[in-house]
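Working notes for the structure below.
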Protein chains: 2
Amino acid sequence: MKTKAQRIYDVLAANIQNGTYKPNSKLPSEHDLIAQYDVSRGTIRTALDMLSQDGYIQRLKGKGSIVLDVAKYNFPVTGLVSFKEVSKIMHGQVRTIVNELLLIRPDDFVQSQLDVGPTDDVWRVARTREIQGERIILDVDYFDRKFVPYLTKDICADSIYEYLEKELNLSISFAKKEIVVDSATDEDKAWLDLGDFSYVVVVKNHVYLEDVSLFQYTESRHRPDKFQFVDFARRNYLSKK
Amino acid sequence: MKTKAQRIYDVLAANIQNGTYKPNSKLPSEHDLIAQYDVSRGTIRTALDMLSQDGYIQRLKGKGSIVLDVAKYNFPVTGLVSFKEVSKIMHGQVRTIVNELLLIRPDDFVQSQLDVGPTDDVWRVARTREIQGERIILDVDYFDRKFVPYLTKDICADSIYEYLEKELNLSISFAKKEIVVDSATDEDKAWLDLGDFSYVVVVKNHVYLEDVSLFQYTESRHRPDKFQFVDFARRNYLSKK
DNA sequence: TAGTGGTCTAGACCACAGC
DNA sequence: CTGTGGTCTAGACCACTAG
């Protein structure tokens with residue numbers, strides 16, 4: 001069950017993306033939207049706040065809400081978005097190859113990254129992402145078996161996240177993302193078309209559930225020439241000191 | 001003039017960072033905070049929403065607000081934070097060298113990035129960031145002179161952002177950030193201690209003011225071994241389809 | 001002056017957690 | 001059952017924009 005605010009967000013976001021509301025034009029005023037959707041001002045403002053946070057609009061005191069040029073920001077590649085969701089947007093030839101699916105006893109590195117003990121079971125999944133015929137990304141995932149008891153190659157080939165959220169009802173809440181550059185490992189060289197590149201861009205992700213338990217650690221290893229990370233950032237409260 | 005919610009945010013954030021509220025413990029309930037700060041529930045909730053957005057707490061229905069381990073996320077390196085703010089956190093030897101400060105006529109590239117015409121004046125600032133004696137980052141900034149009429153080497157050596165916000169009263173609102181890997185240019189080689197590296201990590205930033213005008217384009221070029229980008233991301237509305 | 005968004009209040013009903 | 005956070009409402013006052 002979605003909230004009223006989320007439904008209004010969905011409608012307005014869709015109308016911005018399909019051009020019903022054009023960039024640099026104004027959205028209807030809060031007063032108008034209240035009448036249009038027959039809700040209170042608080043609800044409308046919640047929806048508008050979400051649109052602002054996601055880079056759809058800019059709100060201006062005394063003026064109104066201006067529609068931003070969504071195309072310019074070619075997001076969402078930011079936030080927490082799974083490869084399957086991204087591939088829809090890219091609407092190009094993308095393919096996932098499951099290289100490896102193992103249940104392992106974690107070494108020191110995995111223990112520290114996943115916050116598990118040496119006797120806990122951990123899934124290790126290695127997948128190659130092929131884009132337009134080239135193997136560009138190597139995703140290595142570690143899942144705490146406490147949260148994911150069962151996993152198959154078929155699930156990995158499709159979308160692990162969909163399985164986790166829809167089948168296991170795990171609710172992903174937030175993640176800490178880190179981007180660094182690293183030398184290519186033998187695994188990288190084996191499963192990626194690296195050509196002359198001797199290094200990769202690594203996106204490390206620690207993913208947490210709603211109850212704050214850490215359940216996944218992922219390394220997404222990219223061929224550098226194809227790597228791109230796009231982010232829409234509002235000046236946040238931290239810097240408003 | 002700060003809002004009540006922002007002041008409450010500041011107090012709670014400070015108390016989380018200094019350990020008054022410990023990781024994995026609970027914040028006082030909304031009811032308690034209402035009594036403590038003598039405000040309405042909406043105001044308290046606004047402050048708690050901001051804390052959640054910035055990764056300080058996790059809110060759990062029926063339970064309360066849990067304090068997250070801020071140290072684990074070693075932010076803020078995310079969002080829009082200037083180098084001066086970052087250097088405070090790094091509390092290491094950091095130094096800024098102003099290589100170049102020029103008023104130029106923009107070429108095609110700068111025209112497209114800054115959305116200006118060929119006869120508009122544009123500032124070009126090139127600065128090297130030295131960390132622990134090594135020249136690690138090359139920042140190249142382009143400012144539309146419409147917004148920044150006057151600029152000196154002294155201002156660039158200190159903090160351009162402080163000057164823009166406090167002196168010129170420009171209010172930065174949001175940015176589009178893009179991270180890619182690029183071959184090192186002659187300028188990179190001249191002004192950075194690249195050693196054997198033949199490539200750099202480039203953070204491109206388009207910065208917008210509150211009235212949605214684009215006023216700055218920046219390339220921050222990093223030596224790859226020292227590059228790190230950390231982000232705290234909540235699963236956002238876009239992916240909640 | 002009229003219209004806009006920004007903030008704050010007071011109260012209501014709900015779903016969920018835990019005893 | 002009580003206490004918690006999640007959502008929604010109705011109304012108020014303010015600051016800013018623009019004619």
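Just so it is clear, the structure is predicted and the values come from calculations on it, not from any experiment. The chains referred to below are lettered A, B, ... by the order of the sequence lines, with proteins before strands, and numbering in each begins at 1.
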### Query
What residues form a salt bridge (Lys or Arg N to Asp or Glu O under 4.0 Å) with A/Arg124, not counting sequence neighbours?
A/Glu100, A/Glu187
### Query
Quick one: is C/dT9 close enough that its OP1 or OP2 comes under 4.0 Å of any side-chain N or O from B/Thr43?
yes
### Task
Take atom CD of A/Gln58 and atom P of C/dG5, then tell me their distance rounded to the nearest Å.
13 Å
### Query
With sequence neighbours excluded, what pairs up with A/Lys146 under the salt bridge (Lys or Arg N to Asp or Glu O under 4.0 Å) test?
A/Asp144
#### Entry: Non-neighbouring partners of B/Ser171 that pass side chain to side chain donor-acceptor pair (under 3.5 Å), sequence neighbours left out
B/Glu210
### Task
May I ask you to say what A/Leu48 touches in the nucleic acid, namely base, sugar-phosphate or nothing, with a heavy-atom cut-off under 4.0 Å?
nothing
### Query
In residues 23-40 of chain A, what residues come within less than 4.0 Å of DNA chain C, judged by heavy atoms?
A/Ser29, A/Glu30
## Note on the structure
Stem ranges of DNA chain D by first residue number, counting only runs of at least 3 Watson-Crick or G-U pairs under 3.5 Å, come to C:1-18 with D:1-18
### Rounded distance in Å - CD1 (A/Ile8) to C1' (D/dT7)
12 Å
### Query
With nearest nucleotides of DNA chain D determined for A/Arg7 and B/Leu60 from heavy-atom distances, which residue corresponds to the more 5′ nucleotide?
B/Leu60
### Message
Between P on C/dG5 and CG on B/Asp211, what's the gap in Å once rounded to a whole number?
### Response
17 Å
### Task
Can you tell me the distance, in whole Å, between the CG atom of A/Asp49 and the P atom of D/dC8?
13 Å
### Query
What is the distance from CZ of A/Arg59 to C1' of C/dG3, rounded to the nearest Å?
15 Å
### Query
Within less than 4.0 Å of OP1 or OP2 of D/dG5, is there a side-chain N or O belonging to B/Arg45?
no
### Message
Run the salt bridge (Lys or Arg N to Asp or Glu O under 4.0 Å) test against B/Asp211 and tell me which residues pass, sequence neighbours left out.
### Response
none
### Residues in ring-ring contact (aromatic ring centres under 6.0 Å, His included) contact with A/Tyr150, at least two apart in sequence or another chain
none
### Query
Is there a donor-acceptor contact under 3.5 Å linking the side chains of B/Gln216 and B/Asp141?
yes
### Summary
Taking D/dG5, C/dT7, C/dG5 as options, the one with an atom nearest any side-chain atom of A/Ser65 is C/dG5
#### Entry: Spacing of B/Ile66 atom CD1 relative to D/dT4 atom P, expressed in whole Å
14 Å
Just the atom pairs and distances: protein N or O near nucleotides 12-19 of chain D's N or O, under 3.5 Å.
| residue | atom | partner | partner atom | Å |
| --- | --- | --- | --- | --- |
| D/dA12 | N6 | A/Arg41 | NH1 | 3.1 |

### Query
If we only count heavy atoms from C-beta on, is the A/Gln58 to B/Phe174 side-chain gap below 4.5 Å?
yes
### Task
Evaluate side-chain contact (heavy atoms from CB on, under 4.5 Å) for A/Phe232 paired with A/Asp54, printing each intermediate quantity in order.
CA-CA 7 Å; A/Phe232 175 86; A/Asp54 286 345; over 6 Å; no
### Query
Does B/Phe227 have any ring-ring contact (aromatic ring centres under 6.0 Å, His included) partners at least two apart in sequence or in another chain, and if so, which?
B/His222
#### Entry: Contacts of A/Ser40 that satisfy side-chain contact (heavy atoms from CB on, under 4.5 Å) - sequence neighbours left out
A/Thr43
#### Entry: All side-chain contact (heavy atoms from CB on, under 4.5 Å) counterparts of A/Arg59, not counting sequence neighbours
A/Glu30, A/Arg45, A/Leu48, A/Asp49, A/Ser52, A/Ile57, A/Ser65
### Query
Expressed in angstrom and rounded to an integer, what is the separation of A/Ile44 atom CD1 from D/dC8 atom C1'?
12 Å
### Spacing between B/Gln6 atom CD and C/dT7 atom P, to the nearest angstrom
7 Å
### Message
Checking A/Asp121 now: which residues fulfil salt bridge (Lys or Arg N to Asp or Glu O under 4.0 Å) with it, not counting sequence neighbours?
### Response
A/Arg105, A/Arg145
